[in-house]
Every structure is written in structure tokens, then in C-alpha cells.
Engineer: 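If you scroll down you'll find the structure; I have some questions about it.
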2 protein chains.
Amino acid sequence: MTAAGAPSEAAAPRRRGRPSRTQTGNGPATRDQILRAAREEFSEHGYAKTSVRGIAKAAGVDPALVHHYFGTKEQVFEAAITVAFAPALQAPAAIDDGPLDGVGERLTRFVLGVWEDPATRAPLLAIVRSAVDNETAAAIFRRLISTQLLGHIAGRLGLPDAELRAELAAAQLVGIAMLRYVIQVEPLASADVEHLVARVAPVVQGHLTGA
Amino acid sequence: MTAAGAPSEAAAPRRRGRPSRTQTGNGPATRDQILRAAREEFSEHGYAKTSVRGIAKAAGVDPALVHHYFGTKEQVFEAAITVAFAPALQAPAAIDDGPLDGVGERLTRFVLGVWEDPATRAPLLAIVRSAVDNETAAAIFRRLISTQLLGHIAGRLGLPDAELRAELAAAQLVGIAMLRYVIQVEPLASADVEHLVARVAPVVQGHLTGA
């Protein structure tokens with residue numbers, strides 16, 4: 001979510017220095033426009049095949065503006081997935097919002113809910129595809145889930161091996177997302193959500209707070 | 001693992017009909033050479049970006065020979081991942097080789113073992129990357145794990161919802177593979193294998209044979 005000061009000269013050789021007031025136009029609107037284009041480009045082509053030039057073209061702006069608002073391609077990606085990841089980052093609320101012995105079910109319902117909704121599933125798929133395919137994207141993804149999601153869960157648990165517990169619980173849910181929504185293996189892909197919650201919530205709870 | 005009769009004319013316009021004896025040379029050796037090149041090309045570039053022409057070039061043969069031995073790009077991919085997947089297809093042995101109440105630990109040890117070994121991890125990573133990124137690759141992967149792996153486990157269990165049980169158990173192991181070996185989230189990425197087996201085997205057992 002950082003905005004670098006000056007645009008990269010290498011990526012935009014024809015414009016040097018800070019874009020003029022005319023170029024930047026209506027700042028917040030232009031920024032949103034670039035972010036939306038970035039999200040679509042990363043979703044469609046993945047991290048490796050997306051370029052700052054391509055994002056600029058899709059947003060209808062000069063590449064220098066993309067650098068002006070976001071900095072490098074890595075920084076545009078991080079900004080784009082932070083927005084796309086916003087629903088997933090509400091998971092801490094799902095963690096905190098009730099007693100600890102119901103946290104497994106709340107987290108399971110939350111994750112399945114984010115994946116069941118096509119609006120939130122599409123950006124998540126884009127993130128997973130990029131992270132599986134590219135080390136830079138994986139590093140950004142890793143940092144986001146570690147600091148914002150798993151770190152929060154671990155903090156709430158207050159157990160000595162809380163981080164590993166959070167990750168094993170996450171692994172059960174990540175695996176279900178992979179097989180049900182990405183690879184689409186049957187009968188899991190068509191299984192009833194409530195049936196899955198009944199089967200999976202106790203496992204997630206066990207990882208988080210079990211013996 | 002099928003070999004199409006005649007090479008595709010579209011892909012190899014300069015050579016029509018069955019390759020001559022001279023062209024096919026030492027059949028089995030040439031076939032292995034193509035298969036090895038295919039595995040490397042798919043590993044490096046993923047399914048979408050790999051072409052029959054590229055595989056032929058890497059193997060030092062005419063594209064018509066690739067079509068001759070394997071058929072379409074889909075069929076080359078299936079043959080290549082069937083070989084790469086061969087260690088994983090030994091999982092049925094891990095399932096069968098002992099009492100049912102130890103199947104969770106045997107399967108967990110088996111999956112972690114395949115991923116811990118760099119020689120078997122590389123082709124698995126290539127398959128996961130291709131399957132996440134491409135629908136055709138996902139379909140082939142889906143068919144392989146459904147028929148060869150999960151179907152076998154389900155058959156051994158002999159329970160009414162055995163297939164879903166096998167998939168939920170697989171999901172726990174797939175998620176650990178994703179977070180530990182692909183995304184490499186800590187502390188899971190560096191956790192001791194025996195500690196993981198102690199935590200995960202009971203979960204896998206529970207999915208497979210629990211209440």
C-alpha cells in the first residue's frame with residue numbers, strides 16, 4: 001500500500017521526474033482506477049506475466065503514473081492483493097467474536113464463506129495462482145497471511161506452539177479450498193457446506209486448542 | 001500413456017503419414033528421451049506455456065515423433081505426469097500395508113516422505129503449478145488422483161461416505177504440502193517431520209475411519 005516517490009526511469013523512459021499535476025489528474029480516482037486494472041491484470045495473467053506497462057494500458061494511464069502511485073510491480077501487486085484479500089483479513093473478527101471453544105467452527109464457516117462467494121473467490125484464486133507460480137508473489141502472500149492472519153490467531157490462542165497450531169488448522173482449510181474450488185475433485189466439490197462444517201470444524205478446533 | 005497412430009498433420013506440416021523406420025530410430029529409447037524432455041519442459045514452463053514443438057526441440061527429435069509416440073499435448077502431459085506421479089501412486093501400498101487403525105499415520109508419513117525428497121518434490125511441484133494454472137492440466141490431475149489414489153483409499157475403507165472421507169484426509173495433507181513446501185510459511189516450513197506426524201496422523205485417521 002506504499003506510494004513510491006519518483007517513477008522508475010527504466011520503466012518509463014520518456015517521462016522523467018514527478019508527473020505533473022495535469023498527468024496525475026484526480027489523484028484518488030486515478031489511484032483506484034489503476035488498482036482495479038492491476039487486480040484484473042494479475043487475476044487474468046498471474047504475477048509473472050503481468051507488467052506495469054500492461055496495467056497502465058488497462059487503466060488508460062501512463063506507466064509513470066503507476067510507478068508514481070505504487071512504486072514497483074511488487075508494490076502494485078501487494079496493494080492489489082491487500083484489497084483483494086480484505087475479506088480474508090476479516091478472519092480475525094471471526095476469531096475474536098465468541099468463545100474460544102467455538103473458534104474452529106467460526107473459522108471454518110468464515111473460510112468456506114469467502115470461497116463460496118464468487119465475488120471473493122475470483123481474487124483469491126488469482127492470489128493462489130500467482131503465489132504457486134512465482135516466488136515474489138509467494139513471499140508477499142506469505143508475509144500477509146503470517147502477519148495479518150495466522151499471527152492474530154496465534155495471539156488469541158496464547159499457547160506455546162500457537163503459530164504451528166494456527167498453520168495446521170489453516171492447512172486443513174487451504175487443502176479443502178484447493179481440492180474443492182481449484183482442482184474441483186468430486187464428491188468434495190459438490191458436498192453440502194453444512195456437512196463440510198460438521199466434518200471439518202472439529203478438526204480445526206482440535207488443531208487450535210486440542211491436546 | 002497412449003501412443004496415437006499417425007502424427008498430427010497440423011502440428012507437423014512438413015512430414016505426413018507414419019514416421020519412417022529411420023526417423024523413429026530406437027523406439028523405446030526415443031520414447032524415453034521425449035518423455036524426459038516433456039517432464040522438464042512442463043516442470044519449467046507449466047502446462048500452458050509448453051508446446052509439442054518445444055518438447056521435440058528439447059528432445060532433439062522432429063515434432064511428428066512426439067505425436068507418433070504420445071498423440072496430443074494433453075496425452076504427452078498425462079504420460080509425463082503419470083511417470084512423475086509414480087511415487088505418489090505407491091500410496092495404495094502404504095494404505096494396504098497394515099491394519100486400518102494405522103492407515104492415518106502410514107498415509108501421513110508417505111505423503112510427507114514424497115515431499116521431503118527433492119527428487120520427487122520437483123515433479124510434484126510442476127504438477128501442482130500446472131493444475132492450479134490450467135483447466136486441462138487440472139482435469140488430468142483430478143482424474144489421476146480420483147481414480148488411482150482416492151478411489152483406492154475409499155475402496156479399502158468400505159464406508160458409505162468413503163470418498164468424501166478420503167478427500168478430507170487428502171485435503172489436510174495437500175494443505176500442509178502447500179503451506180510447508182510451496183508457500184513455505186514458518187514455523188510449518190521448518191517443523192520437524194516427526195512432530196508433524198504426531199499432530200497430523202490422528203487427524204488423517206479421524207477423517208478416514210472416525211465417527
Side-chain angles (χ1 to χ4, degrees), chain A residues 45-46 48-49 125-135 137-146 149-150 154 161-180 182-192 195-196 199-200 202-204 206-207 210-211, chain B residues 45-46 48-49 125-135 137-146 149-150 154 161-180 182-192 195-196 199-200 202-204 206-207 210-211:
Chain A
H45 307 298
K49 279 179 277 179
L125 263 176
I127 295 169
V128 169
R129 290 200 169 112
S130 292
V132 165
D133 204 39
N134 182 279
E135 179 45 37
I140 295 169
F141 183 55
R142 191 158 58 225
R143 184 149 40 86
L144 269 183
I145 60 171
S146 291
L149 193 56
L150 299 173
D161 56 348
E163 288 189 346
L164 186 62
R165 285 171 173 271
E167 288 169 12
L168 290 172
Q172 174 71 78
L173 296 168
V174 164
I176 288 172
M178 282 289 291
L179 293 182
R180 178 174 166 95
V182 183
I183 312 284
Q184 298 176 15
V185 176
E186 293 294 358
L188 182 56
S190 305
D192 177 65
H195 185 63
L196 288 182
R199 285 252 173 226
V200 173
V203 168
V204 173
H207 278 311
Chain B
H45 308 298
K49 280 179 278 181
L125 264 176
I127 295 168
V128 169
R129 291 200 168 112
S130 293
V132 165
D133 204 42
N134 182 278
E135 179 44 38
I140 295 169
F141 184 54
R142 191 159 58 225
R143 184 149 41 85
L144 268 184
I145 60 170
S146 291
L149 193 56
L150 298 172
D161 57 349
E163 288 189 345
L164 187 61
R165 284 170 173 272
E167 289 170 12
L168 290 172
Q172 173 71 76
L173 296 167
V174 164
I176 287 172
M178 283 289 291
L179 294 182
R180 179 175 166 93
V182 183
I183 313 284
Q184 299 176 15
V185 178
E186 293 293 356
L188 182 57
S190 305
D192 178 65
H195 185 63
L196 288 182
R199 286 253 174 226
V200 173
V203 168
V204 172
H207 278 311

Engineer: Name the option with the most non-hydrogen atom pairs under 4.5 Å to chain B; the candidates are A/V182, A/L196, A/V185.
Structural biologist: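 Heavy-atom pair counts peak at A/V185.
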Engineer: Heavy-atom distance under 4.5 Å to chain A: side chain of B/E186, backbone, both or neither?
Structural biologist: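 When you check distances to chain A, only backbone atoms of B/E186 fall under 4.5 Å.
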Engineer: As an exercise: rank B/A139, B/G175, B/A138 by heavy-atom pairs under 4.5 Å with chain A and give me the winner.
Structural biologist: B/G175
Engineer: As an exercise, state the distance from CG of A/L179 to CG of B/L168, rounded to the nearest 0.5 Å.
Structural biologist: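 Answer rounded to 0.5 Å: 9.0 Å.
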Engineer: Counting only heavy atoms closer than 4.5 Å, note whether A/V203 contacts chain B via side chain, backbone, both or neither.
Structural biologist: side chain
Engineer: Under 4.5 Å heavy-atom distance to chain A, tell me which part of B/L173 shows up: side chain, backbone, both or neither.
Structural biologist: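 B/L173 has no heavy atom closer than 4.5 Å to chain A.
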Engineer: Let me know if B/A211 has heavy atoms under 4.5 Å from chain A in its side chain, its backbone, both or neither.
Structural biologist: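 Contact with chain A is through the backbone of B/A211 alone.
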Engineer: Can you measure from NE2 (A/H195) to CG (B/D161) and round to the nearest 0.5 angstrom?
Structural biologist: 5.5 Å
Engineer: At a heavy-atom distance under 4.5 Å, which candidate from B/R199, B/E163, B/M178 has the highest pair count against chain A?
Structural biologist: B/R199
Engineer: Is it the side chain or the backbone of B/A166 that comes within 4.5 Å of chain A heavy atoms, both, or neither?
Structural biologist: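 Neither the backbone nor the side chain of B/A166 comes within 4.5 Å of chain A.
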Engineer: To the nearest 0.5 angstrom, please state how far the CD1 atom of B/I176 sits from the CD atom of A/E167.
Structural biologist: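 Nearest 0.5 Å value for the CD1-CD distance: 10.5 Å.
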Engineer: Taking side chain as everything from C-beta outward and backbone as N, CA, C, O, which of these in B/R165 sits under 4.5 Å from a heavy atom of chain A? Side chain, backbone, both or neither.
Structural biologist: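 When you check distances to chain A, only side chain atoms of B/R165 fall under 4.5 Å.
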